[in-house]
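First the structure, in the form of structure tokens, and then the observations on it.
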Amino acid sequence: MNGPIALTQLPQKNIFRAGDVFVLFGELFGRGYANGLVNEARQAGMSIIGITVGRREADGTLRPLTDEELAAGEANLGGKIINVPLMAGFDMDAPAGTPTPTEMLGKLTLKTWTEDKLDWDHIATCREIGVARFKTSLAQVMATLDGMIPDGRNVFFAHTMAGGIPKAKVFLAIANRVYKGRGDRHQSSQVLLDSDLGKLILQNFDEVSANTFGHLIEASAAIRERAERSGGQVCYSAYGYHGTSILIGDEYQWQTYSNYTQGYAKMRLERIAQAAWEQGIRATVYNCPEIRTNSSDIFVGVELPLFSLLRALKRENGGAWAEAQWQACRELLSEAGALDTVMQRIADFYATDVMKGYGNFAAWPMPNSQGLADLMIGASDDIVAMHKERGALITDLLSALVIEASGALMFRECSAPSGPVLWLNHDIIARQLNQAHG
Ligand SMILES: NC(=O)c1ccc[n+]([C@@H]2O[C@H](COP(=O)([O-])OP(=O)(O)OC[C@H]3O[C@@H](n4cnc5c(N)ncnc54)[C@H](O)[C@@H]3O)[C@@H](O)[C@H]2O)c1
């Protein structure tokens, strides 16, 4: 990929209607991106079907949801959930009687982890077991799903899975430093990636955030062929991240959060969509803007580009509604006039040499640095502190707007997708919002 391929037109077509089927491939969390698509599917009157990743017992065994958990999940989703655990990754898999990768990490210490070596043959075996477990469960899910999709219906598969951070104490401490540490708590992401620990984590990210999309496309081949033979259309969407163009000064410019350690998996996800597309399958990765969700809250500073969306709303012919968003944001800050200070801080942030040095698309995902950590995490903490309440941030309001707009854009674009990898930049997000609320 030489440069980002942006979605530049508001997609107009919608083929999805009552009786068609929307399948959410991942669980739905309160603030998650998937809410945007699920809301669109609901409004179109589609039948909604979900999956679960399952739950872990105290001893690590993976189990389906209990009746109570299932009922809560289905009420939240507004649809049926196929109760076969689809936890991806191999961090908790191993041949009986041998340590799982997470247990292997238990031996690493904060003093020695950069030098500690892992047994790669054993890890390869654990990986095979994890992948086989996932694919076996997925075949079961697809068999059930097949019976829930009548002939001739359109089917929308929405992949949302991303993750794979092993629950090992040593890593959680390191992650806190890589993503949240500044000053003498800063930890270089490159040192992490060069260690055996980092290499293991990248493999697990690949399995959870990328390869699951390939497994989904492959395992649903029979459903796809039957639906298409009987007059339906089938499409696949996935959420990518590969930086976003936002309004910096007077121009939209590509920028990114660094170090986005999951970036290698996200590029693999793009390649999976491209390979499927070449076989005539409508699979599209939508590279989405930075927002705050359960999954992204660990990356302190990832939310900074969101503030520029306020300016994009005005720039894209925003009227009274756009002005109302500015006003709502002003009211979340403690002092009158503070929003101007915030916007200036954001402008200054992007004008620094440090941030300019991170504008190299071809070098993505670039490692973090002491300079970046101090600047970005510092700005993030200072801006949060300017709010009346930590539980009601401007970035909460703006994240919800991005979720709404991305849902509408992806839902319609999937009716006649124009390519396997598309960026949803702040310009199209702002235009979508202004149109919907104008
Ligand atoms: N938040 C952002 O700034 C941002 C930006 C661009 C793209 N995305 C992508 O959007 C998608 C949804 O993420 P989100 O930020 O809304 O957070 P989220 O926490 O709401 O969603 C994460 C999803 O990953 C699934 N998941 C987590 N671990 C899993 C595992 N081991 N096996 C299977 N599934 C697993 C969860 O069930 C859930 O569906 C992800 O692909 C994410 O990378 C997020």
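All ligand and atom numbering here is 1-based and tracks the order in the structure. Positions are given from 1 along the sequence. Since we're looking at a predicted model, the values are computed, not measured.
At a threshold of 4.5 Å between non-hydrogen side-chain atoms, the residues Leu313 and Trp321 count as touching. In this structure, Glu316 and His426 have side chains that are not in contact, with every pair of non-hydrogen atoms separated by 4.5 Å or more.
At the top of the distance list for atom 38 (C) of ligand 1, counting protein heavy atoms only, stands Glu27 O, 3.4 Å. The protein heavy-atom contact nearest to atom 35 (C) of ligand 1 is Val53 CG1, 4.0 Å. Protein heavy atom in closest approach to atom 4 (C) of ligand 1: Tyr33 CE1, 3.5 Å. Protein heavy atom closest to atom 26 (N) of ligand 1, with residue, atom name and distance, is Ala162 O, 3.6 Å. If you check which protein heavy atom lies closest to atom 18 (P) of ligand 1, you get Ser295 OG, 3.4 Å. Atom 20 (O) of ligand 1 has Gly32 CA, 3.2 Å as its closest protein atom, hydrogens excluded (heavy atom only). Looking only at heavy atoms of the protein, atom 36 (C) of ligand 1 is closest to Phe29 CE1, 3.8 Å. From the protein, the heavy atom lying nearest to atom 23 (C) of ligand 1 is Thr160 O, 3.2 Å.
Close approach of ligand 1 to Gly240 is summarised as follows: ligand atoms under 4.0 Å from at least one heavy atom of the residue are 6 (C), 7 (C). Each of the atoms 1 (N), 2 (C), 3 (O) of ligand 1 lies under 4.0 Å from some heavy atom of Ile291. In the vicinity of Tyr241, heavy-atom distances shorter than 4.0 Å reach the ligand 1 atoms 6 (C). In summary, the atoms of ligand 1 found under 4.0 Å from a heavy atom of Glu290, numbered by their order in the structure, are 3 (O). Taking a cut-off of under 4.0 Å to the non-hydrogen atoms of Lys266, the atoms of ligand 1 that pass are 40 (C), 41 (O), 42 (C), 43 (O). Close contacts of ligand 1 with Thr293, meaning ligand atoms under 4.0 Å from a residue heavy atom, involve 1 (N), 14 (P), 15 (O), 16 (O), 17 (O). Short contacts between ligand 1 and Tyr239, defined as distances under 4.0 Å to a heavy atom of the residue, involve ligand atoms 9 (C), 10 (O), 11 (C), 41 (O). Atoms of ligand 1 lying under 4.0 Å from at least one heavy atom of Ser296, given by number and element, are 1 (N).
Ion pairing between Asp396 and Arg292 holds under the 4.0 Å rule for side-chain N and carboxylate O. A salt bridge is absent between Glu68 and Arg55: the closest approach of a Lys/Arg side-chain nitrogen to an acidic carboxylate oxygen does not fall below 4.0 angstrom.
Residue Pro289 touches ligand 1 through its backbone alone, judged by heavy-atom distances below 4.0 Å. The backbone of Leu86, and not its side chain, has at least one atom closer than 4.0 Å to an atom of ligand 1 (non-hydrogen atoms only; backbone = N, CA, C, O). With a 4.0 Å cut-off on non-hydrogen atoms, Val208 touches ligand 1 through its side chain and not its backbone. When non-hydrogen atoms are compared, ligand 1 lies under 4.0 Å from the backbone of Ala88 as well as from its side chain.
Looking at Tyr241, Tyr358, Tyr179 one by one, the single match for ring-ring contact (aromatic ring centres under 6.0 Å, His included) with Tyr260 turns out to be Tyr241. The side chain to side chain contact (heavy atoms under 4.5 Å, CB included) with Val234 is formed by just one residue from the set Ile281, Val23, Val155; it is Val155. Test Tyr286, Phe411, Tyr33 against Ser406 for side chain to side chain contact (heavy atoms under 4.5 Å, CB included) and you get one pass: Tyr33.
Residue-environment remark: CD (Glu57) exceeds the threshold of 12 foreign heavy atoms within 6.0 Å. Surrounding NZ of Lys388 are more than 12 heavy atoms belonging to other residues, nucleotides or ligands, all under 6.0 Å away.
Checked against the 6.0 Å centroid criterion, the rings of Phe25 and Tyr236 do not qualify as a close aromatic pair.
To the nearest 0.5 angstrom, Tyr239 atom OH is 4.0 Å from Met410 atom CE. Separation of atoms CG (Asp116) and CG (Asp196) is listed at 8.5 Å; rounding is to 0.5 Å.
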